[in-house]
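Structure, as structure tokens:
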Amino acid sequence: MSWGARGSLGVILVALSAIALACRSSDAPAVRVTIPPGATMRVAADSLNKAGVIGSTRLFLLYAKLRRSDRGIKAGTYVLRKGAGWGSVLAALRSGRGVVNVVTIPEGFTLAQIEPLLASKLSVPPESIRAAVSDTALLHRLDAPTATIEGYLFPDTYFFPPGTPARAAIQTMVRRFEQRWRPEWGPRLDTLALSRHDLLTLASIVEREAKKPEERPVIAAVYWNRLRKGMLLQADPTVQYALPEYQKRLLNKHLAVKSKYNTYKYRGLPPGPIASPGVASLRATLYPATVPYLYFVAHPDGHHEFRTKLEEHNAAVRVARRAWDAARKQQKLDSLKAASARRSGD
């Protein structure tokens, strides 16, 4: 390369650097950008452009090439600021700086599901998660009368930097719950004569039972109606929680499990939440539908049939059982067909 060519490239690089600095914003919001494994710099630049981290894919690619930094980028999910300096973006992509561990906790997850997920994502021992969720100071702060903070880990997507310890992650999830708590919910609890812990408990049952969002307030109303009448809740999710292993189908022997969480045996609410409820289930429990129903039964498609009288409910149960039997039979047939297709392909 001649000195003239080198000089031209130097001028171009200086010009691009000036553009990159001009686009830089120190107070811009951070955004999440995912770079898939094996991605080229062009793919990465397209993602950065769409997220607003850079303003021009073409100029950024040219800048990276002139800096001889257009290869060797690391895959992962990054948290970067919009309009960040191009030099810092390139350095992050090549070093992996800014990569975060993405942890998504779905609504209705239990501690038994959250613990191994967190341990895996954070690369920490499961025992450290169990210790963090049993921390007595945290339990005292939340005024939770249970052995763990089941129900208080808010279901959401979290971004944890590498090296985040278990205790810090758990504290972040609890803070998210406190942040999502609405100011108007406190007075509503007073109106209902309900503690926050009991609200979480009932909302967690609603969360585990409801499959269709529009049914949450109706399911909550059924449980409220039964509580007010002094009836057993007879909530299947509480039995599942009490059992040592999940059962696809609850039998009569399961309904007899000895546990305070078994609402087929003990009146009132169980000792604490059985899962992490989301905002929709919390709101549905605080503001249930105005309906007279005392019973419901689930169908294979996820919807529930609601009834007021026991004899009507028993009839609805018989219909639901036929629907479940047909669904299981169809599932078995589909499995056999799939297995036959695989054998034919071999």
Side-chain angles (χ1 to χ4, degrees), residues 1-106 117-124 154-176 178-180:
M1 180 185 294
S2 68
W3 286 109
R6 288 179 181 175
S8 297
L9 288 176
V11 171
I12 294 172
L13 183 55
V14 169
L16 288 173
S17 297
I19 294 171
L21 286 172
C23 294
R24 186 173 182 176
S25 175
S26 59
D27 58 353
V31 292
R32 176 169 53 108
V33 182
T34 299
I35 309 300
T40 63
M41 181 57 81
R42 176 171 290 280
V43 171
D46 283 339
S47 297
L48 292 167
N49 188 25
K50 288 176 183 175
V53 176
I54 62 174
S56 169
T57 298
R58 185 171 60 84
L59 291 178
F60 181 79
L61 286 171
L62 180 57
Y63 176 80
K65 188 170 185 177
L66 292 174
R67 290 283 301 268
R68 297 182 180 179
S69 300
D70 56 336
R71 298 181 185 278
I73 61 176
K74 297 186 182 298
T77 297
Y78 292 78
V79 173
L80 302 166
R81 291 198 175 278
K82 287 189 173 185
W86 290 0
S88 65
V89 173
L90 279 177
L93 293 179
R94 287 173 59 81
S95 66
R97 178 167 41 87
V99 171
V100 293
N101 297 311
V102 183
V103 182
T104 298
I105 307 299
L117 177 61
L118 267 183
S120 173
K121 291 287 188 178
L122 300 179
S123 299
V124 298
F154 191 77
D156 207 346
T157 296
Y158 298 88
F159 307 102
F160 296 117
T164 299
R167 194 173 298 275
I170 294 301
Q171 291 278 3
T172 296
M173 297 169 74
V174 170
R175 281 197 299 272
R176 187 69 55 84
E178 293 171 330
Q179 291 164 356
R180 296 300 296 274

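Position 1 is the first residue of the sequence; numbering continues from there.
- Residue Ser69 comes nearest to Leu90 through the heavy atom pair O-CD2, 3.7 Å, listed as atom of the first residue, atom of the second, then distance.
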Inset, instruction - Determine, step by step, whether Leu93 and Leu48 satisfy the side-chain contact (heavy atoms from CB on, under 4.5 Å) criterion, reporting the C-alpha distance in whole Å, the side-chain angles of both residues, the deciding distance to 0.1 Å, and the verdict. - result: CA-CA 11 Å; Leu93 293 179; Leu48 292 167; 3.9 Å; yes
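- With sequence neighbours excluded, the residues that form a side chain to side chain contact (heavy atoms under 4.5 Å, CB included) with Asp70 are Met41, Ala64, Lys65.
- Phe160 is not listed as a side-chain neighbour of Lys121, based on a closest heavy-atom distance of 4.5 Å or more.
- Shown here are the ring pair (Phe, Tyr, Trp, His ring centres under 6.0 Å) partners of Phe154, two or more places apart in sequence or in another chain: there are none.
- Note that OH of Tyr158 and CG of Leu118 are 9.5 Å apart. Values are rounded to the nearest 0.5 Å.
- For Ala168, the side chain to side chain contact (heavy atoms under 4.5 Å, CB included) test picks out Thr164, Pro165, with sequence neighbours left out.
- Between Ala39 and Ile73, the closest heavy-atom pair is O-CD1, 3.6 Å.
- Of the listed residues (Asp156, Thr157, Leu117), just one forms a side-chain contact (heavy atoms from CB on, under 4.5 Å) with Ile105, and that residue is Leu117.
- Within the structure, the salt bridge (Lys or Arg N to Asp or Glu O under 4.0 Å) test picks out the following pairs touching residues 159-173 (sequence neighbours left out): Asp135-Arg167.
- Taken from CZ in Arg42 to CG in Leu61, the straight-line distance is 5.0 Å, to the nearest 0.5 Å.
- Ala51 pairs by the side chain to side chain contact (heavy atoms under 4.5 Å, CB included) definition with Val31, Val33, Val53, not counting sequence neighbours.
- Arg94 and Arg68 make their closest contact through NH1-O, 4.3 Å (heavy atoms, listed as atom of the first residue, atom of the second, distance).
- Considering only heavy atoms from C-beta on, Arg67 stays 4.5 Å or farther from Trp86 through its side chain.
- Taking OG from Ser56 and CG from Leu62, the interatomic distance works out to 9.0 Å, rounded to the nearest 0.5 Å.
- Scanning all heavy atoms of the two residues, the minimum distance from Pro162 to Asn101 falls at CA-ND2, 3.8 Å.
- The side-chain heavy atoms of Lys74 and Ile35, taken from C-beta on, include no pair separated by under 4.5 Å.
- Using a 4.5 Å cut-off on side-chain heavy atoms (C-beta onward), Val103 and Met173 make no contact.
- Not counting sequence neighbours, the partners of Val99 by the side chain to side chain contact (heavy atoms under 4.5 Å, CB included) test are Tyr78.
- Closest non-hydrogen pair, Ser95 versus Ala91, comes out as OG-O, 2.7 Å.
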